[in-house]
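Computed from a predicted structure; not experimentally measured. Every chain is numbered from 1 and lettered A, B, ... according to where its sequence line falls, protein lines coming before strand lines.
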Number of protein chains: 2
Amino acid sequence: MATARKHGGGSSPAPVQAASVGATIYSVAERAGVSIATVSRVLQGAGTVSAKTTQKVLDAVEELNYVPLGAARSLAVRHHEAHGLVLPELTGPYYSELLMGFESRAAELGQSVTLMLTDGKADLARAVRQLATHVDAIAVLGSAAMPPAVARALHGQKPVVIIAGAPQEGIESVRAENAHSAEQLTEHVLAHGRTRLVFVGDPEGAPDITERHAGFVAAHRARGLEPAPPVRVPFREGEGEAVAERILAGEIDADALVCANDELALAIMTHLQDAGRDVPGDIAVVGWDDVMTSRYVRPGLTTVRQPVHELGVIAAERLHQRVSGGQPVLEPQILPTQVVIRGSCGCGHR
Amino acid sequence: MATARKHGGGSSPAPVQAASVGATIYSVAERAGVSIATVSRVLQGAGTVSAKTTQKVLDAVEELNYVPLGAARSLAVRHHEAHGLVLPELTGPYYSELLMGFESRAAELGQSVTLMLTDGKADLARAVRQLATHVDAIAVLGSAAMPPAVARALHGQKPVVIIAGAPQEGIESVRAENAHSAEQLTEHVLAHGRTRLVFVGDPEGAPDITERHAGFVAAHRARGLEPAPPVRVPFREGEGEAVAERILAGEIDADALVCANDELALAIMTHLQDAGRDVPGDIAVVGWDDVMTSRYVRPGLTTVRQPVHELGVIAAERLHQRVSGGQPVLEPQILPTQVVIRGSCGCGHR
DNA sequence: CTGTTAGCGCATTCAA
DNA sequence: TTGAATGCGCTAACAG
């Protein structure tokens with residue numbers, strides 16, 4: 001009688017039982033009248049198994065509704081075939097697109113993706129360590145408030161790539177170009193004859209924003225102008241209304257707003273319009289990200305499009321390379337962005 | 001000399017090595033001068049270990065930068081401590097919010113979440129089976145084009161819950177209320193004196209849409225009216241423009257559009273407006289989902305808000321209950337929705 | 001082409 | 001309070 005061991009039913013022939021929850025490679029082997037090695041071979045497509053035997057195994061698998069235990073395989077092959085992705089949250093299209101890119105590439109490479117959101121997590125370090133036990137490699141979004149210490153601890157244990165974050169010693173990173181396009185965008189607004197531009201967003205809030213602000217400053221300097229200090233606000237939607245109120249109240253004097261992202265820009269623009277201001281007549285507004293809404297509002301929002309999906313794809317790609325023994329690419333990879341001109345900057349478009 | 005086995009360094013005392021990638025419970029035990037059982041105990045917080053011993057272990061863990069191998073633990077305890085979530089894709093706020101709800105609750109329950117997106121996957125059945133090997137339970141969004149056969153196969157092996165999908169024999173499901181709010185919404189439009197309402201969307205495309213259309217029909221019948229046949233289109237954004245063109249061309253005769261979701265409604269409304277039509281003057285437009293854009297366009301879009309986050313929370317909750325031995329709740333759980341009146345239906349709001 | 005066997009790293013009895 | 005021993009289900013040599 002086939003493989004006995006602690007496993008097999010033991011003495012009597014395998015009873016014809018309905019698909020049981022506990023089907024293992026042993027029960028399948030027994031049912032098919034072969035060894036577990038053979039079952040493993042047909043399931044992995046490895047080695048050579050005769051057509052007839054293959055069919056027997058497949059039948060047994062089907063009858064038992066066998067679902068292999070991933071953990072056992074992972075233990076044996078010593079990798080999880082899973083990538084971790086750490087994001088702050090998922091509002092707005094940015095993170096979603098990134099995630100879609102990441103997931104699709106990971107899937108193509110045969111890796112599943114385990115997602116972790118940091119917002120609202122009390123013990124982040126613990127959560128990340130926990131994640132690390134289940135995956136082969138981890139991608140972290142820069143602004144995911146992950147203590148640099150955690151990133152460093154992970155690094156050295158598992159391959160890590162930072163997405164859109166401040167580069168850290170020895171850790172791979174991939175991000176979109178910011179400073180140059182911000183300079184371009186700002187120069188475009190300046191070229192419309194605007195003179196009192198204000199940057200809205202917190203340059204210290206995230207690495208991306210820091211760079212965008214730097215571009216804003218650079219464009220001014222290039223014309224020998226001194227930029228006004230930024231209006232430092234987090235880029236949640238609610239903040240936009242508050243900023244609009246300050247403008248309406250005359251607290252902020254500006255004829256153009258360069259906002260850290262579209263959500264902020266849209267909230268401000270809509271609020272100003274509802275209060276009777278003309279955009280871009282009285283004040284121009286531009287944003288960053290090219291979210292869906294930016295196409296629908298009137299005037300259309302002038303903004304910058306980032307290759308977010310691509311960012312996710314590359315991150316997944318890099319992780320896989322590293323897990324497969326590839327060397328880290330230490331120079332940060334920087335993807336180009338694109339200024340999208342619509343009407344809110346003062347151009348004639350609608 | 002502590003535990004020798006195949007593991008331990010063997011003869012010489014553990015060399016003081018930098019954090020190595022391969023640290024295992026054995027190396028930690030050796031370093032701390034205890035047995036692996038003790039290491040396991042302090043790491044799991046189980047059993048009673050003296051303060052001094054605990055500290056020795058913790059130090060060793062720190063020095064070695066030990067990250068337990070999740071697969072080994074999973075194999076030993078025989079569960080993955082992970083939930084799977086299957087979604088079609090992630091555009092728009094619906095799926096993201098659902099995912100956020102799911103992730104947050106799962107995390108609270110100590111479960112990690114493995115995400116799978118179905119769009120673009122060639123062999124869905126294979127992908128799902130693959131997912132099943134790594135998780136304890138799976139939640140599937142109804143419209144994730146998952147063959148019912150797959151759902152049934154999974155069911156019986158792992159707990160499954162269907163989110164916003166057609167209930168299937170013996171499988172748990174949770175969804176938002178659709179028919180009643182659709183009837184309310186339609187009645188509201190009818191009450192504005194509109195007489196030529198058209199439903200835009202494919203009632204056979206997804207269970208949710210089927211129900212919304214049913215509500216649309218019911219509202220008509222309640223007034224002794226016969227509803228026009230629906231304009232069957234998928235609810236991608238591009239379709240909206242096509243529909244708008246057909247309206248402008250006079251192919252579709254309507255004074256009010258009840259759209260399957262906001263994306264569709266927004267695309268149509270904007271396109272119509274750009275062509276010079278007055279909304280809601282010439283034609284009213286209402287949608288479903290209350291996406292961000294719906295608040296920003298003018299007139300604001302009248303729509304229906306669903307408790308999407310809550311849907312995710314409940315799904316995660318149910319899966320955990322089931323994994324913990326709880327019984328399935330067979331009556332579908334139905335969460336209430338809320339009609340949000342703005343201006344696009346003809347009301348005075350902006 | 002197929003079977004036997006030895007781990008993979010951890011949790012967990014059972015003894016001491 | 002601690003250690004030794006066993007097995008979780010699977011893969012991958014190694015034999016035959």
Evaluation steps, side chain to side chain contact (heavy atoms under 4.5 Å, CB included), between Leu99(A) and Leu99(B): CA-CA 12 Å; Leu99(A) 178 45; Leu99(B) 178 45; 3.9 Å; yes
Rounding to an integer number of Å, can you tell me how far [X] [atom1] sits from [N] [atom2]?
X: Leu64(A); N: dG9(D); atom1: CG; atom2: C1'; answer: 15 Å
X: Ile36(B); N: dT12(C); atom1: CD1; atom2: P; answer: 12 Å
X: Gln130(B); N: dC10(D); atom1: CD; atom2: P; answer: 14 Å
X: Glu30(B); N: dG9(C); atom1: CD; atom2: P; answer: 14 Å
X: Lys52(B); N: dT1(D); atom1: NZ; atom2: P; answer: 14 Å
X: Tyr66(B); N: dG9(C); atom1: OH; atom2: C1'; answer: 7 Å
X: Arg73(A); N: dG9(D); atom1: CZ; atom2: C1'; answer: 12 Å
X: His80(B); N: dC10(D); atom1: NE2; atom2: P; answer: 10 Å

Taking 4.0 Å as the cut-off, does a side-chain nitrogen or oxygen of [X] come that near to OP1 or OP2 on [N]?
X: Thr38(A); N: dG3(C); result: yes
X: Arg78(A); N: dC8(C); result: no
X: Tyr26(A); N: dT4(C); result: no
X: Ser50(B); N: dT2(D); result: yes
X: Ser35(B); N: dA4(D); result: no

Nearest listed nucleotide, side chain of [X], among [options]:
X: Val77(A); options: dA4(D), dT11(D), dC10(D); answer: dT11(D)
X: Leu75(A); options: dA11(C), dA13(D), dG9(D); answer: dG9(D)
X: Leu69(B); options: dG3(D), dG9(C), dT11(D); answer: dG9(C)
X: Arg41(B); options: dA11(C), dC14(C), dC10(D); answer: dC14(C)
X: Ile25(B); options: dC10(C), dA4(D), dT5(C); answer: dC10(C)
X: Val34(A); options: dC10(D), dG3(C), dC8(D); answer: dG3(C)
X: Ala76(B); options: dC10(D), dG7(D), dT2(C); answer: dG7(D)

Min side-chain heavy-atom separation [X]-[Y] under 4.5 Å:
X: Val161(A); Y: Ile171(A); answer: no
X: Leu311(B); Y: His309(B); answer: no
X: Met116(A); Y: Leu124(A); answer: yes

Touch class at under 4.0 angstrom, heavy-atom based, for Thr53(A) against every strand present: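 If one applies the 4.0 Å heavy-atom cut-off, Thr53(A) turns out to touch the sugar-phosphate alone, with no base involved.
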From Leu87(B), Ile162(B), Val86(B), Leu85(B), residue fulfilling side chain to side chain contact (heavy atoms under 4.5 Å, CB included) relative to Leu141(B):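 Considering Leu87(B), Ile162(B), Val86(B), Leu85(B), a side chain to side chain contact (heavy atoms under 4.5 Å, CB included) with Leu141(B) is found only for Leu87(B).
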Note: Lys121(A)-Glu103(B) ion pair, threshold 4.0 Å (strictly below):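 Salt bridge present between Lys121(A) and Glu103(B).
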